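First up is the structure itself, then whatever we jot down about it.
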Amino acid sequence: MSNPRIAAASKNAIAEAAALLRAGRLVAFPTETVYGLGGDATSEPAVRAIYAAKGRPSDNPLIVHVPTVAAARRLVHFDARAAALAERFWPGPLTMVLPRRADCGIAAATSGGLETLAVRIPRHPLALDLLEAAALPLAAPSANPSGRVSPTTARHVAEGLGERVALILDGGPCAIGLESTVVGLAGATTLLLRPGGVTREALEAVLGPLALPPADKLLAPGMMASHYAPALPLRLGVSAPRSTEALLAFGPDVPAGAAHVLNLSECGDLEEAASRLFAYLRALDRADWQGIAVMPIPESGIGAAINDRLRRAAAPRPT
Ligand code: TXA
Ligand code: MG
């Protein structure tokens, strides 16, 4: 696969990216969570090109990115919960699933044929500048092949998608490093569909107790068990790593014995760990050892999202 073009942030690069998007092409751009693979959310062919570039099943809907709350309100029906969450967390790593407006103009393929639409305002200056310049709502899933580890640098995007993307805007490493929290607000019960950059504790401070979706249902369409998967097998909650394993460590007390060690956070800071998680999973995914062992990580705060991604990365793979 030949190398796609990576452009450093500049007025010219943003103008070029906006022109490509308006012409129906795909552009990868940084957000505070992960890099997104952006396309015109109002164009059926552009949205189909996103699914094709990722190898993503067409029933796994995409998030639509907008620059302002007013723009979001033109796409979906807000209620009091949505208004309170937007006020508190936007721009930021929160995606809200809301009833889609009949006249929203968003391509049906974007929401996989559902009556709902996922919307978010990203908190990254380059993403916001691009949204303003393109003057389009942008459908943007994480910019990785479906099922693999999400990208937190421009280079990760280039390695995964190659020339399937017309241009990659480089905004450096993503500050949060894990995807947005997805909250379902289409029914009377508020559902936590995907843990992410906004913690459950922070959401509950605004809304009160949240419900998890029924355990026998997939969380959100496409949230199949195996996801975020490196090529090597993962072993979780490990206190005694094998000499044939690389160790993904957390905290100051690291057990001996692994072939190689990367520490997500020596001081045990969960936010630092989140920001490094995907880059370290990629770095440890080498044929030099037989597996990746992961130390236990606390479930509090953004730890819940870290453990969610690790469980999916460790889940049995479809063969
Ligand atoms: O942080 C993020 O959310 C990143 C950046 C680029 O914004 N995007 C991202 O997109 O993670 P993606 O496509 O990798 O994940 C979107 C998630 C999926 O689990 C999808 O099923 C869910 O959001 N989703 C999208 N639309 C939905 C809808 N209408 N109803 C329920 N879930 C939905
Ligand atoms: Mg993704």
Side-chain angles (χ1 to χ4, degrees), residues 26-39 41 47 50-51 53-66 75-77 89-100 104 106-124 126-128 130-131 137-152 156-157 160-161 168-169 171 174-187 190-198 213 217-229 274 278 302 305 308-309 312-313:
L26 306 186
V27 170
F29 62 94
T31 80
E32 77 282 29
T33 59
V34 299
Y35 275 72
L37 176 62
V47 171
I50 294 176
Y51 284 98
K54 281 183 63 88
R56 176 167 171 132
S58 60
D59 61 353
N60 184 3
L62 307 179
I63 298 171
V64 176
H65 297 68
V66 291
L75 305 181
V76 289
H77 294 284
F89 296 112
W90 277 358
L94 179 74
T95 295
M96 296 199 272
V97 174
L98 289 161
R100 169 189 169 114
C104 67
I106 299 295
T110 305
S111 41
L114 299 173
E115 302 287 300
T116 54
L117 198 61
V119 290
R120 148 168 137 86
I121 305 180
R123 186 176 68 214
H124 192 294
L126 203 46
L128 291 169
L130 181 64
L131 285 164
L138 296 181
S142 52
N144 52 286
S146 185
R148 313 307 301 199
V149 179
S150 299
T152 55
H156 294 164
V157 179
L161 294 178
I168 302 171
L169 287 178
C174 301
I176 293 178
L178 287 180
E179 295 84 350
S180 62
T181 301
V182 181
V183 177
L185 298 163
T190 307
L191 295 173
L192 181 57
L193 295 174
R194 178 177 74 179
V198 171
K217 292 243 170 79
L218 278 177
L219 286 180
M223 284 210 49
M224 60 290 283
S226 172
H227 210 93
Y228 310 101
F278 289 147
I302 201 166
D308 169 80
R309 304 307 188 267
R312 291 176 203 286

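Just so you know, these numbers come straight off a predicted model, no measurement behind them. Sequential numbering from 1 along the given sequence is applied to the chain's residues. Each ligand, and each atom within it, is numbered from 1 in the order the structure gives. Any value given below was found using the heavy atoms of this structure, including those in side chains, with hydrogens, waters and symmetry copies removed.
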Between Met96, Glu115, Arg194, Arg56, flag the one that comes closest to atom 13 (O) of ligand 1 by a heavy atom. Arg56

For Thr33, the atoms of ligand 1 under 4.0 Å from one of its heavy atoms are 1 (O), 2 (C), 4 (C), 5 (C)

For the Mg ion (ligand 2), what is the number of protein N, O or S atoms at a distance under 2.8 Å? 1

If you measure every N or O of Thr31 against every N or O of ligand 1, does any of those distances drop under 3.5 Å? no

Which atoms of ligand 1 have any heavy atom of His65 under 4.0 Å away? 5 (C), 6 (C), 7 (O)

For Thr116, side-chain hydrogen bond (donor to acceptor under 3.5 Å, both in side chains) partners two or more places apart: none

Closest approach of Thr33 to Ser180 (non-hydrogen atoms, all atoms of both residues): CG2-N, 3.8 Å

Say whether, by atom type as modelled, one donor and one acceptor occur between the side chain of Glu32 and the main chain of Ile176 under 3.5 angstrom. no

If you take the nearest heavy atom of each of Ala140, Pro99, Ala118, which one is closest to atom 8 (N) of ligand 1? Ala140

Nearest heavy-atom pair of Pro122 and Leu128: which atoms, and what distance? O-CD2, 3.4 Å

Taking side-chain contact (heavy atoms from CB on, under 4.5 Å) as the test, write out the residues that go with Ala107, two or more places apart. Glu44, Val47, Thr110

Taking only heavy atoms of Gly36, which atoms of ligand 1 are found under 4.0 Å from at least one of them? 6 (C)

May I ask you to decide if Leu178's main-chain N or O and Arg309's side chain share a donor-acceptor pair within less than 3.5 Å? no

Ser142 heavy atoms, cut-off 4.0 Å: which ligand 1 atoms fall inside? 8 (N), 9 (C), 10 (O), 12 (P), 14 (O)

Expected output: side-chain Thr181 to main-chain Val198 donor-acceptor under 3.5 Å: yes

Do any N or O atoms from the side chain of Tyr51 and from the backbone of Ala109 form a donor-acceptor pair under 3.5 angstrom? yes

Does Glu179, backbone or side chain, put an N or O under 3.5 Å from an N or O of ligand 1? no

In Å, rounded to the nearest 0.5 Å, how long is the span from OG1 of Thr95 to CZ of Arg194? 6.0 Å

Testing the basics here: between Lys54 and Ser142, what is the closest heavy-atom pair and its distance to 0.1 Å? NZ-O, 2.6 Å

To atom 25 (C) of ligand 1, the nearest of Ala143, Pro57, Pro61 on a heavy-atom basis is Pro61

Expected output: side-chain Arg56 to main-chain Pro145 donor-acceptor under 3.5 Å: no

Minimum non-hydrogen distance to atom 18 (C) of ligand 1, winning option of Leu37, Asn60, Asn144: Asn60

Based purely on interatomic distance, does Thr116 place a nitrogen or oxygen under 3.5 Å from a nitrogen or oxygen of ligand 1? yes

With sequence neighbours excluded, what pairs up with Arg100 under the side-chain hydrogen bond (donor to acceptor under 3.5 Å, both in side chains) test? Ser111

With a 4.0 Å cut-off on heavy atoms, is Arg100 in contact with ligand 1? no

Ligand 1 to Val34, heavy atom cutoff 4.0 Å, flagged ligand atoms 4 (C)

Assess Ser111 for proximity to ligand 1: is some non-hydrogen atom of it under 4.0 Å away? no

Would you find a donor on one side and an acceptor on the other, under 3.5 Å apart, between the side chain of Tyr35 and the backbone of Gly171? yes

